[in-house]
Protein chains: 2
Amino acid sequence: MSKRTEKTIVDIAEELKLSVSTVSRALNNHPNISTRTKEKVKKMANKLGYRPNAMAAGLRNNKSRTIGLVVPRISMFFPATISTVIQNKLHEHGYHVLICQSNDSLEQEIALAETLYSTRIDALAVSSTLYTTDFSHFDIFKDNHIPLVFFDRVPKDYKVKVIKGDDYLGGYKVTEHLIEKGCNDIVHISGPLTCNLYVERVAGYKDALRKHKIPFKKSRIFYQELTKENALAACEKIFSKTPYPDGIFAANDTTAITILEYCRKINVRVPEDLKIVGYSNDPRAEIITPSITSVDQFPAIMGEKVANALLDLLQQPGAMPQRYSEELVPIQLIERASSAAPVAKPKTTVKKKVK
Amino acid sequence: MSKRTEKTIVDIAEELKLSVSTVSRALNNHPNISTRTKEKVKKMANKLGYRPNAMAAGLRNNKSRTIGLVVPRISMFFPATISTVIQNKLHEHGYHVLICQSNDSLEQEIALAETLYSTRIDALAVSSTLYTTDFSHFDIFKDNHIPLVFFDRVPKDYKVKVIKGDDYLGGYKVTEHLIEKGCNDIVHISGPLTCNLYVERVAGYKDALRKHKIPFKKSRIFYQELTKENALAACEKIFSKTPYPDGIFAANDTTAITILEYCRKINVRVPEDLKIVGYSNDPRAEIITPSITSVDQFPAIMGEKVANALLDLLQQPGAMPQRYSEELVPIQLIERASSAAPVAKPKTTVKKKVK
DNA sequence: GTATTTTATGCAAACGTTTGCAGTTTTCGG
DNA sequence: CCGAAAACTGCAAACGTTTGCATAAAATAC
């Protein structure tokens, strides 16, 4: 109906015959304002339907009370859970969270950094693209002393606060677990080595093999984006010639699930003929039959840590240079049916078939 | 190192001996500025590492180029997918998306509306809480002619743009499907009736029963928040006494999955003894054994529609009053094993057991 | 009752843009 | 070479806050 409904503090001031400064201070509970005027002001603010203009305040204070969050995608279980936690936690502290997706495209990530800077976010948390090796597009934030935290997918030689899972240990434990369950020809389907996660998991994998005197074979490791399509392609290759492996360590659960379903189709029995382990403990891993052994990365804990790190840095005087530090989130192997010990069912007597 | 790194257009202006207005116009490609100066300005902007301050521009223009999105939670498959799509689409058009979670708490939703308004978002899309029946906390947006779109969980008597799935048809089709597969004692586990989704699905369920001359029994319908815990509680009740139902229509897949697992434990065979249908077509529904029949709600299409509606409204002159209109997103029943026809396996001869 | 402290309030500048209007320069026809 | 139109550029105000400093009023001390 009316044209300009937007009430401002000057409207309140006029109405009350006060100065805008007094109104501003009253609304912000400044100690120098008497309780009586504070009440008057707040009542009038309510009556007029006043809502503060965050942009004006932000401009003046040079802070937006908004925090940027860049993740590959929010439709994947792990980043979604982390984002949820971060968002809820920061909200409690009066911050907005601008959740952005890079869609695993470096180009988009760079653009995101640019526009997020433009909105003058107070801090930034990022889990990078699979392909980000040069992180200089985040320099603006460092240069201007804007708190910057990386998590999960983190840079290697870039001085920032880092919060990551223990991927080396994860890779090691998975591999050792498979060995202990009797595997000695273990395929590893890894993500691209441009990403720290996979570098470390591969290292764990290799070390576990070495420790148990199993020779590492280059042909038994795949580097690829961990999509369903790529997993299928890998299956085609793996099962195109004998001997089949007796264990597969997939670097995510989508891949593990795809392999499992493939095995069903070609009548390779899991876990009797082949043991499968995934990574991330996606809800689907627990539900499929046989349920899939996976590695829990405790996304809620990671999210909590990221939020705390941000809040911490936000307290500190902006002048203090960003310090490098690495925090490790533990992992836990969740053993399930897909890698269970070879207890042959009484039904059939076929115990060892492939070898 | 240096204290004030933040370059502004006045820095550019000084450096180039131009006025700030010219610089501003040059950066915005205003037609009245010669190409030569535009180039000069842009070069200098680059050289100085200038980044526009969105808050300042927003204050002046009274727009933030930010759009609010309120969903119950982003860790659930359906809203997560929609959010992803909306975000990507709006990003292409130069908008930020502030994704917020109400965590299904009305109180939080109200607070969210308030603070989102404070940030002067240019538009708002919301999928409400399960318990929101009074939507007046969104009045501020309507009153100020800020585009407002509801999707999925939408108000009944509140004049706004609405985009929703065809939940009545969904409920009807699921029920009819179960009947056609031979069920005639169908339990429905519904969400609370404060939410439009469930009202409509229940209506569909009842109408399908009536159509097929199956009496509706009040004791065969449950209204509850659709969590795992509640699903288990419902199972306890349902299977505490005979006769067992021969079909269950669960209003989400988490519930369907929980029931399925419960049935495994108590040796009720699915689909032979009991058929189960879920809703939303969560990825888990396809993966579990037996796979669960569910209803695809095409989240990507819904997201697309929401984004388009927002963009549409953003074009229009703010003066135009918000118009009420409802758009329907189709649904599709995805038939899977959990409700397959009772083809007895040759193994055992038990064909019909319960009846 | 005056001087001093304490308590409340107001003035005005500042934050970094955009934009209507006015002013200046250039172009060009005649 | 003049005058008018066209092409550029600049001035200054405005957007809605916050805050250092100054000032006014009230309370306290002597």
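Lettering follows sequence order; numbering is per chain, from 1. The structure presented is a predicted model; accordingly, all values stated were derived computationally and were not measured.
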Every protein N/O lying under 3.5 Å from an N/O of nucleotides 5-11 of chain D:
unit_1, atom_1, unit_2, atom_2, d
dT9(D), OP2, Ser34(B), N, 3.4
dT9(D), OP2, Ser34(B), OG, 3.4
dT9(D), OP2, Thr37(B), OG1, 2.8
dG10(D), OP2, Ser19(B), N, 2.9
dG10(D), OP2, Ser19(B), OG, 3.1
dG10(D), OP2, Thr22(B), OG1, 2.6
dG10(D), N7, Arg25(B), NH2, 3.3
dG10(D), O6, Arg25(B), NH2, 2.4
dC11(D), N4, Ser21(B), OG, 3.0

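The distance between atom CZ of Arg65(A) and atom P of dC15(C), rounded to the nearest whole Å, is 22 Å. Distance, Lys63(A) NZ to dT17(D) P: 18 Å, rounded to whole Å. Separating the CG atom of Leu27(B) from the P atom of dT19(C) is a distance of 13 Å, rounded to the nearest angstrom. Atom CE of Met55(B) is separated from atom P of dA14(D) by 23 Å (rounded to the nearest Å). The CZ-P distance, from Arg51(A) to dC15(D), rounds to 21 Å in whole Å. Atom CG in Asn62(A) sits roughly 18 Å away from atom P in dT17(D) (whole-Å rounding). For Asn53(A) and dC15(D), the CG to P distance is 12 Å, given to the nearest whole Å.
Under the 3.5 Å distance criterion, with hydrogens and angles disregarded, no donor-acceptor pair is assigned to the side chains of Thr115(B) and Ser118(B).
With sequence neighbours excluded, the residues forming a side-chain contact (heavy atoms from CB on, under 4.5 Å) with Leu59(A) are Asn53(B), Ala56(B), Leu59(B), listed by chain and number. Every residue meeting the side-chain contact (heavy atoms from CB on, under 4.5 Å) condition with Ala26(B), not counting sequence neighbours, appears here in chain and number order: Ile33(B), Lys38(B), Val41(B). Every residue was checked against the side-chain contact (heavy atoms from CB on, under 4.5 Å) condition with Thr35(A), not counting sequence neighbours, and none meets it.
The nucleotide whose nearest atom lies closest to any side-chain atom of Arg60(A) is, among dT17(C), dT18(C), dT18(D), dT18(D).
For the pair Lys161(B) and Phe151(B), the cation does not sit on the ring face, since its NZ or CZ is not both under 6.0 Å from the ring centre and inside 45° of the axis. No cation-pi contact links Lys7(A) to Tyr50(A), judged by a cut-off of 6.0 Å to the six-membered ring centre and 45° from its axis.
Identified under the salt bridge (Lys or Arg N to Asp or Glu O under 4.0 Å) test for residues 119-134 of chain A, with sequence neighbours left out: Arg120(A)-Glu6(B).
Note on the helix from dG1(C)-dC30(D) to dG30(C)-dC1(D): terminal axis deviation equals 40°, with five pairs used at each end and the result rounded to 10°.
Atom CD of Glu326(B) is surrounded by more than 12 heavy atoms from other residues, nucleotides or ligands within 6.0 Å.
Residue contacts for Ser24(A): at a heavy-atom cut-off of 4.0 Å it reaches a base atom on one of the strands shown.
Residue Arg153(A) forms a side-chain hydrogen bond (donor to acceptor under 3.5 Å, both in side chains) with just one option from Thr132(A), Thr194(A), Asn196(A), Asp104(A), and that option is Asp104(A).
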